2 protein chains.
Amino acid sequence: MARPSKKEHLVETAVKLFGRDGFHATGIDKILQEAGVARMTLYKHFRSKDELILAALRRRDEQFRIWFKSAIEKTGGTPAERLLASFDALDEWFAGRAFAGVPFTGCSFINATAEFSEANHPVHQLAAEHKRLILEYLRLLASSAGARDSDGLAWAISLLHEGAIVTAQVSSDIHAGQGAKEIARIVMAQHGIDVSTKSLENEDAY
Amino acid sequence: MARPSKKEHLVETAVKLFGRDGFHATGIDKILQEAGVARMTLYKHFRSKDELILAALRRRDEQFRIWFKSAIEKTGGTPAERLLASFDALDEWFAGRAFAGVPFTGCSFINATAEFSEANHPVHQLAAEHKRLILEYLRLLASSAGARDSDGLAWAISLLHEGAIVTAQVSSDIHAGQGAKEIARIVMAQHGIDVSTKSLENEDAY
DNA sequence: ATAAAAATAGAACGATCAGTATATATATCA
DNA sequence: TGATATATATACTGATCGTTCTATTTTTAT
């Protein structure tokens, strides 16, 4: 069959099923069946289920960060506006409009630490790394936005992201991002960034 | 044996193991062995594993809310101070000092929605109800504190809680509560509540 | 065309899963 | 003492778990 396909398709299927049903609840057989791949093909590419989990999460990390940054940057605003736009992106995700109509089932990395609680487990560490990479991106935006304490602001925005994700997940609150956005506005103002609705509209207008 | 014991001990063991290792990864046999209870005793009290999960989460909801409220109220401050004290309580939890030295492994209810993603699943709904009850308590505090929009403030504090919990869990950040507390101060000020460190010290002093 | 590589089907592994059956023992309370 | 819970141990389902083995077929590259 097509060379770029088998292993890749296996990982993509794993991303989908692990994300929807969880890691322990998703058996190898279900992944194989859904992907239409033979069992030995899996074990030719991966030593174990754990390695498939890691591969799936690495793929998800790549996939998510690419989508997230592009969703933010396509708005074409200032760094301050992009920080705020990140919350609009979250709501798109919550509404199931982010990844080819796949329903929102929470953040795969938060969910991963729920099933792998030991901090030194490779899966848990991969989740922590994913969050670190996003935090780094937010730091860049916060710094470009002229925040007094860009590290502190980025950390705060990240915490608001996590809060919105969990609120959307647990309480089925599709608009949690907008609520978090208002809090972000207050925090950004405190960091010396102008976030008045007017100035934002002026940026967009004409 | 002691009447108040067998079923109760089973549920408490389930709370501990489900909380630490997750729901699907924790087999019935491990719970029975750890609790020192016969298998048939479990099925005399519970129809299925799912019902044990529900019982464990109900117990955890009770246990957690009682601890949380008492940890906040023992500070004896004003309603505004209690809202801020909630973040100190979180850090106690994160440090493993809240529940008889049991290490922090995240919020069992957030973790539950990670493993039961369907919103109408009884386990997921129980998790949502738990969060609703905490939000109700925060609304009471926000209202007593004289917040302009007590619903909005309570919602914001709740979101900061979730953000702190997830940040502590994923990134092993034991002090996430203190960071969230600073954000809460800013938000509360915006809601017309005096949260200057000075006024708080004045409340405590002497 | 031929050799090497990749993917296939299918059986089997031992372990564990949730749940049931049976039969014995231990309490509780009249 | 005797009747009635309640708990016990143990073995047993049938299903599924992750993983390995063997042997065959298909694809790729020379």
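No experiment lies behind these values; they were computed from the predicted model shown.
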Student: Should Lys6(B) be listed as having a side-chain N or O under 4.0 Å from OP1 or OP2 of dA27(C)?
Tutor: no
Student: Does Lys30(A) or Arg47(A) map to a spot on DNA chain D nearer the 5' end, using the closest nucleotide for each?
Tutor: Lys30(A)
Student: Whole-Å distance between dA18(C) P and Glu51(B) CD?
Tutor: 15 Å
Student: Return whichever of Gly27(A) or Met40(A) has its heavy-atom-nearest nucleotide of DNA chain D closer to the 5' end.
Tutor: Gly27(A)
Student: For His9(A) and dT8(C), what is the distance between atoms NE2 and C1' respectively, to the nearest whole Å?
Tutor: 16 Å
Student: In Å, rounded to the nearest 0.5 Å, how long is the span from CZ of Phe23(A) to CG of Asn111(A)?
Tutor: 7.0 Å
Student: Given dT8(D), dG19(C), dC17(C), which nucleotide is nearest the side-chain atoms of Asp29(B)?
Tutor: dC17(C)
Student: Short question: side chain of Ser143(A), backbone of Arg139(A) - any donor-acceptor pair under 3.5 Å?
Tutor: no
Student: Using the six-membered ring wherever Trp is involved, compare the ring planes of Phe99(A) and Trp67(A) and label them parallel, tilted or perpendicular (cut-offs 30° and 60°).
Tutor: tilted
Student: Report the base-pairing partner of dT20(C) (Watson-Crick or G-U wobble, both distances below 3.5 angstrom), or none.
Tutor: dA11(D)
Student: At less than 4.0 Å, is any side-chain N or O atom of His45(B) found next to OP1 or OP2 of dA7(D)? Yes or no.
Tutor: yes
Student: Please give, in whole Å, the distance from dT6(D) P to Tyr43(B) OH?
Tutor: 19 Å
Student: From CG of Leu10(A) over to P of dT8(C), roughly how many Å is that when rounded to an integer?
Tutor: 9 Å
Student: Examine the base of dT8(C) for any acceptor or donor lying under 3.5 Å from a partner atom in the side chain of Arg39(A), and report the outcome as yes or no.
Tutor: no
Student: Testing the 3.5 Å rule here: is there a donor-acceptor pair between the side chains of Ser86(B) and His161(B)?
Tutor: yes
Student: Cationic tip of Lys69(A) within the cone over Phe64(A)'s six-membered ring, i.e. under 6.0 Å and within 45° of the normal?
Tutor: no
Student: Could you tell me the Watson-Crick or G-U partner of dT20(D), where both distances fall under 3.5 Å? Say none if there is no partner.
Tutor: dA11(C)
Student: Syn or anti for dA27(C), given that syn means the glycosidic angle lies within 90° of 0?
Tutor: anti
Student: In whole Å, what is the span from the CD1 atom of Ile28(B) to the C1' atom of dC12(D)?
Tutor: 17 Å
Student: Could you give the CD1-to-C1' distance, from Ile31(B) to dT16(C), as a whole number of Å?
Tutor: 14 Å
Student: How many whole angstroms separate atom CG of Leu32(B) from atom P of dT20(C)?
Tutor: 14 Å
Student: For Gln33(A) and dT8(C), give me the distance from atom CD to atom P, rounded to whole Å.
Tutor: 14 Å
Student: Does the side chain of Lys49(B) get closer than 4.0 angstrom to OP1 or OP2 of dA18(C) through an N or O atom?
Tutor: yes
Student: Taking only the side-chain heavy atoms of Thr41(B) (C-beta and beyond), determine which of dG19(C), dA7(D), dA9(D) contains the nearest atom.
Tutor: dA7(D)
